[in-house]
Amino acid sequence: MSTTYKLSVNHSTSFELTESDLQNLDAVSTGENKFHILKENKPYKAEIVSADFIAKKYTVKVNNNTYEVAISDALDILIQSMGIERGRTKVVNAIKAPMPGLILEISVEVGQEVKENDPLLILEAMKMENSFLSPRNGTIKSIAVQKGMAVDKGQLLIEFE
(Lines give C-alpha, C1' and ligand atoms only; values in the text may rest on other atoms or scores of the structure.)
Protein backbone atom coordinates (compact mmCIF):
# COMPACT_ATOMS: atom_id res chain seq x y z
CA MET A 1 0.00 0.00 0.00
CA SER A 2 1.36 3.39 -0.99
CA THR A 3 1.35 6.32 1.41
CA THR A 4 -0.68 9.30 0.26
CA TYR A 5 0.14 12.88 1.24
CA LYS A 6 -2.28 15.80 1.05
CA LEU A 7 -0.68 19.14 0.20
CA SER A 8 -2.38 22.44 0.93
CA VAL A 9 -0.95 25.39 -1.00
CA ASN A 10 -1.58 28.95 0.25
CA HIS A 11 -4.53 27.65 2.33
CA SER A 12 -6.64 27.59 -0.83
CA THR A 13 -5.57 24.81 -3.19
CA SER A 14 -5.01 21.21 -2.23
CA PHE A 15 -3.93 18.06 -4.02
CA GLU A 16 -2.70 14.57 -3.22
CA LEU A 17 0.62 12.89 -3.96
CA THR A 18 1.60 9.27 -3.48
CA GLU A 19 5.04 7.85 -2.78
CA SER A 20 5.23 6.68 -6.39
CA ASP A 21 4.47 10.25 -7.58
CA LEU A 22 7.41 11.45 -5.51
CA GLN A 23 9.70 8.67 -6.77
CA ASN A 24 8.82 9.55 -10.38
CA LEU A 25 9.45 13.27 -9.84
CA ASP A 26 12.10 14.52 -12.25
CA ALA A 27 14.02 16.79 -9.87
CA VAL A 28 17.73 17.54 -9.57
CA SER A 29 19.36 19.40 -6.69
CA THR A 30 21.20 22.50 -7.93
CA GLY A 31 22.35 23.77 -4.55
CA GLU A 32 21.37 23.89 -0.92
CA ASN A 33 17.54 23.71 -0.86
CA LYS A 34 17.42 24.51 -4.61
CA PHE A 35 16.10 22.23 -7.34
CA HIS A 36 15.52 22.06 -11.09
CA ILE A 37 12.26 20.21 -11.85
CA LEU A 38 10.78 18.96 -15.14
CA LYS A 39 7.04 18.33 -15.27
CA GLU A 40 5.33 17.55 -18.56
CA ASN A 41 8.49 18.77 -20.36
CA LYS A 42 8.30 22.20 -18.68
CA PRO A 43 11.23 23.38 -16.53
CA TYR A 44 10.71 24.82 -13.04
CA LYS A 45 13.21 26.40 -10.67
CA ALA A 46 12.28 25.59 -7.04
CA GLU A 47 13.75 26.59 -3.69
CA ILE A 48 12.77 25.68 -0.13
CA VAL A 49 12.88 29.08 1.57
CA SER A 50 11.90 27.92 5.07
CA ALA A 51 10.87 24.68 6.70
CA ASP A 52 9.01 23.97 9.93
CA PHE A 53 9.60 20.23 10.14
CA ILE A 54 7.44 19.69 13.23
CA ALA A 55 4.39 21.54 11.92
CA LYS A 56 4.98 20.13 8.40
CA LYS A 57 4.79 23.63 6.89
CA TYR A 58 7.14 24.95 4.25
CA THR A 59 7.67 28.12 2.24
CA VAL A 60 8.62 27.22 -1.32
CA LYS A 61 9.59 29.49 -4.20
CA VAL A 62 8.80 28.14 -7.70
CA ASN A 63 9.88 30.29 -10.66
CA ASN A 64 10.09 33.31 -8.30
CA ASN A 65 6.51 32.81 -6.99
CA THR A 66 6.29 32.06 -3.25
CA TYR A 67 3.92 29.45 -1.86
CA GLU A 68 3.03 28.32 1.67
CA VAL A 69 2.74 24.51 1.66
CA ALA A 70 1.32 22.33 4.45
CA ILE A 71 1.75 18.57 4.20
CA SER A 72 -0.61 16.06 5.84
CA ASP A 73 -0.25 12.29 5.96
CA ALA A 74 -2.97 9.68 6.60
CA LEU A 75 -2.79 10.14 10.40
CA ASP A 76 -3.10 13.93 10.14
CA ILE A 77 -6.14 13.54 7.84
CA LEU A 78 -7.78 11.02 10.19
CA ILE A 79 -7.28 13.27 13.23
CA GLN A 80 -8.69 16.25 11.34
CA SER A 81 -11.72 14.24 10.13
CA MET A 82 -12.44 13.32 13.75
CA GLY A 83 -12.58 17.02 14.64
CA ILE A 84 -9.54 16.84 16.89
CA GLU A 85 -6.81 19.45 16.66
CA ARG A 86 -3.49 17.72 17.06
CA GLY A 87 -1.58 18.84 20.14
CA ARG A 88 -4.21 21.28 21.44
CA THR A 89 -4.69 19.57 24.80
CA LYS A 90 -1.02 18.81 25.32
CA VAL A 91 1.27 21.35 26.99
CA VAL A 92 4.76 21.21 25.56
CA ASN A 93 7.46 21.79 28.19
CA ALA A 94 10.49 20.71 26.15
CA ILE A 95 11.71 20.85 22.58
CA LYS A 96 13.71 17.81 21.47
CA ALA A 97 15.58 17.18 18.24
CA PRO A 98 13.41 15.21 15.79
CA MET A 99 16.55 14.03 13.96
CA PRO A 100 20.33 14.35 14.18
CA GLY A 101 21.68 17.68 13.02
CA LEU A 102 23.69 20.83 13.68
CA ILE A 103 22.48 23.87 15.64
CA LEU A 104 22.87 26.87 13.31
CA GLU A 105 21.19 29.57 15.39
CA ILE A 106 19.62 30.09 18.81
CA SER A 107 17.20 33.04 18.95
CA VAL A 108 16.29 32.99 22.66
CA GLU A 109 17.95 33.24 26.08
CA VAL A 110 17.24 31.61 29.44
CA GLY A 111 14.53 33.58 31.27
CA GLN A 112 13.20 35.16 28.09
CA GLU A 113 9.42 35.39 27.67
CA VAL A 114 8.27 33.96 24.33
CA LYS A 115 4.94 33.91 22.56
CA GLU A 116 3.54 31.06 20.49
CA ASN A 117 5.26 30.87 17.07
CA ASP A 118 8.26 32.99 18.14
CA PRO A 119 11.47 31.59 16.59
CA LEU A 120 13.54 29.51 19.03
CA LEU A 121 16.36 27.95 17.02
CA ILE A 122 17.41 26.59 13.64
CA LEU A 123 18.59 22.98 13.24
CA GLU A 124 20.32 21.93 10.03
CA ALA A 125 19.53 18.32 9.17
CA MET A 126 19.97 16.53 5.82
CA LYS A 127 21.08 19.83 4.20
CA MET A 128 17.80 21.53 5.20
CA GLU A 129 17.31 24.28 7.76
CA ASN A 130 14.51 23.44 10.19
CA SER A 131 13.13 26.40 12.12
CA PHE A 132 11.73 25.59 15.54
CA LEU A 133 8.97 27.94 16.67
CA SER A 134 7.63 28.20 20.19
CA PRO A 135 4.66 25.82 20.60
CA ARG A 136 3.17 28.05 23.31
CA ASN A 137 3.52 31.24 25.33
CA GLY A 138 5.99 30.81 28.17
CA THR A 139 9.40 31.43 29.67
CA ILE A 140 12.60 29.69 28.59
CA LYS A 141 13.81 27.60 31.56
CA SER A 142 16.97 26.18 29.99
CA ILE A 143 18.82 25.86 26.71
CA ALA A 144 20.68 22.55 26.50
CA VAL A 145 22.59 23.28 23.28
CA GLN A 146 24.93 25.88 21.80
CA LYS A 147 25.37 27.30 18.31
CA GLY A 148 27.52 24.93 16.21
CA MET A 149 26.74 21.92 18.39
CA ALA A 150 25.86 18.55 16.81
CA VAL A 151 22.75 16.93 18.31
CA ASP A 152 21.26 13.45 18.23
CA LYS A 153 17.64 12.48 17.62
CA GLY A 154 15.60 12.94 20.80
CA GLN A 155 18.19 15.18 22.47
CA LEU A 156 16.78 17.99 24.64
CA LEU A 157 17.20 21.39 22.99
CA ILE A 158 15.06 23.87 24.97
CA GLU A 159 12.98 23.55 28.13
CA PHE A 160 10.07 25.77 29.21
CA GLU A 161 9.09 26.76 32.76
Side-chain angles (χ1 to χ4, degrees), residues 1-81 85-88 92 94-108 114-136 143-158:
M1 185 173 140
S2 180
T3 303
T4 300
Y5 300 95
K6 181 177 179 183
L7 281 70
S8 172
V9 180
N10 292 341
H11 307 288
S12 60
T13 306
S14 63
F15 55 95
E16 292 184 358
L17 287 177
T18 64
E19 282 184 18
S20 68
D21 291 333
L22 295 173
Q23 289 174 352
N24 294 328
L25 184 64
D26 189 359
V28 177
S29 177
T30 59
E32 189 172 338
N33 297 330
K34 294 182 181 183
F35 303 89
H36 182 269
I37 301 170
L38 281 176
K39 181 171 169 109
E40 297 173 2
N41 295 322
K42 292 183 183 176
Y44 296 92
K45 185 173 91 174
E47 176 182 3
I48 300 170
V49 178
S50 69
D52 183 347
F53 183 77
I54 293 173
K56 300 179 186 175
K57 294 185 179 183
Y58 302 85
T59 303
V60 181
K61 191 184 280 189
V62 179
N63 290 348
N64 293 320
N65 295 312
T66 304
Y67 303 95
E68 299 295 324
V69 180
I71 301 173
S72 302
D73 59 18
L75 179 59
D76 297 324
I77 294 166
L78 176 62
I79 289 171
Q80 187 177 19
S81 72
E85 288 193 53
R86 191 179 222 179
R88 280 291 183 205
V92 176
I95 304 290
K96 295 183 179 179
M99 65 184 74
L102 181 71
I103 302 297
L104 293 183
E105 180 180 313
I106 299 173
S107 306
V108 293
V114 294
K115 298 210 180 304
E116 186 174 355
N117 293 325
D118 280 354
L120 299 176
L121 59 84
I122 298 175
L123 172 72
E124 180 184 47
M126 300 186 308
K127 297 186 180 184
M128 283 185 57
E129 291 184 7
N130 300 287
S131 298
F132 286 77
L133 304 178
S134 179
R136 64 179 180 94
I143 302 172
V145 293
Q146 299 173 1
K147 183 177 177 179
M149 187 175 176
V151 297
D152 293 322
K153 179 179 180 178
Q155 184 174 338
L156 177 67
L157 303 176
I158 293 179

Do you know which two heavy atoms are closest between Ala97 and Val151, and how far apart they sit?
CB-CG2, 4.0 Å

Return the minimal non-hydrogen interatomic distance between Asn117 and Leu133, and the atom names on each side.
O-CD2, 3.7 Å

Nearest-0.5 Å distance, CD1 of residue Ile158 to CG of residue Leu121
4.5 Å

Tell me the closest heavy-atom pair linking Leu120 and Ile95, and the distance in Å.
CD1-CG1, 4.1 Å

What's the verdict on side-chain contact (heavy atoms from CB on, under 4.5 Å) for Leu123 and Ile103, showing C-alpha distance, side-chain angles and the deciding distance?
CA-CA 5 Å; Leu123 172 72; Ile103 302 297; 3.9 Å; yes

To the nearest 0.5 Å, how far apart are OH in Tyr67 and CG in Leu7?
13.5 Å

Quick check: do Gln155 and Met149 have side-chain heavy atoms less than 4.5 Å from each other?
yes

Test log, rule side-chain contact (heavy atoms from CB on, under 4.5 Å), inputs Phe15 and Val9
CA-CA 8 Å; Phe15 55 95; Val9 180; 3.7 Å; yes

Which atoms form the tightest heavy-atom contact between Pro43 and Asn63, and what is the distance?
O-ND2, 3.9 Å

Asn10 side chain to Glu68 main-chain N or O, any donor-acceptor pair under 3.5 Å?
yes

Please report the interatomic distance CD1(Ile122) to NZ(Lys147), rounded to the nearest 0.5 Å.
9.5 Å

Taking Asp73 for its side chain and Leu75 for its backbone only, find out whether a donor-acceptor pair lies under 3.5 Å.
yes

Testing the basics here: between Ile143 and Val108, what is the closest heavy-atom pair and its distance to 0.1 Å?
CD1-O, 3.4 Å

Please examine the side chains of Glu129 and Glu105, heavy atoms only from C-beta on, and report whether any two atoms are closer than 4.5 Å.
no

Can you tell me how far NZ of Lys42 sits from CD1 of Ile37, rounded to the nearest 0.5 angstrom?
14.5 Å

Could you tell me which non-hydrogen atom of Asn33 sits nearest to which non-hydrogen atom of Met128, and how far apart they are?
OD1-CG, 3.4 Å

Between Met126 and Phe53, is there a side-chain heavy-atom distance shorter than 4.5 Å?
no

In Å and rounded to the nearest 0.5 Å, what is the CD to NZ distance from Glu16 to Lys6?
7.0 Å

Report the distance from atom OG of Ser134 to atom NZ of Lys115, rounding to the nearest 0.5 Å.
10.0 Å

Partners of Asp118 by side-chain hydrogen bond (donor to acceptor under 3.5 Å, both in side chains), sequence neighbours excluded?
none

Where at least one partner belongs to residues 44-53, residue pairs that pass side-chain hydrogen bond (donor to acceptor under 3.5 Å, both in side chains), sequence neighbours excluded:
Ser50-Thr59

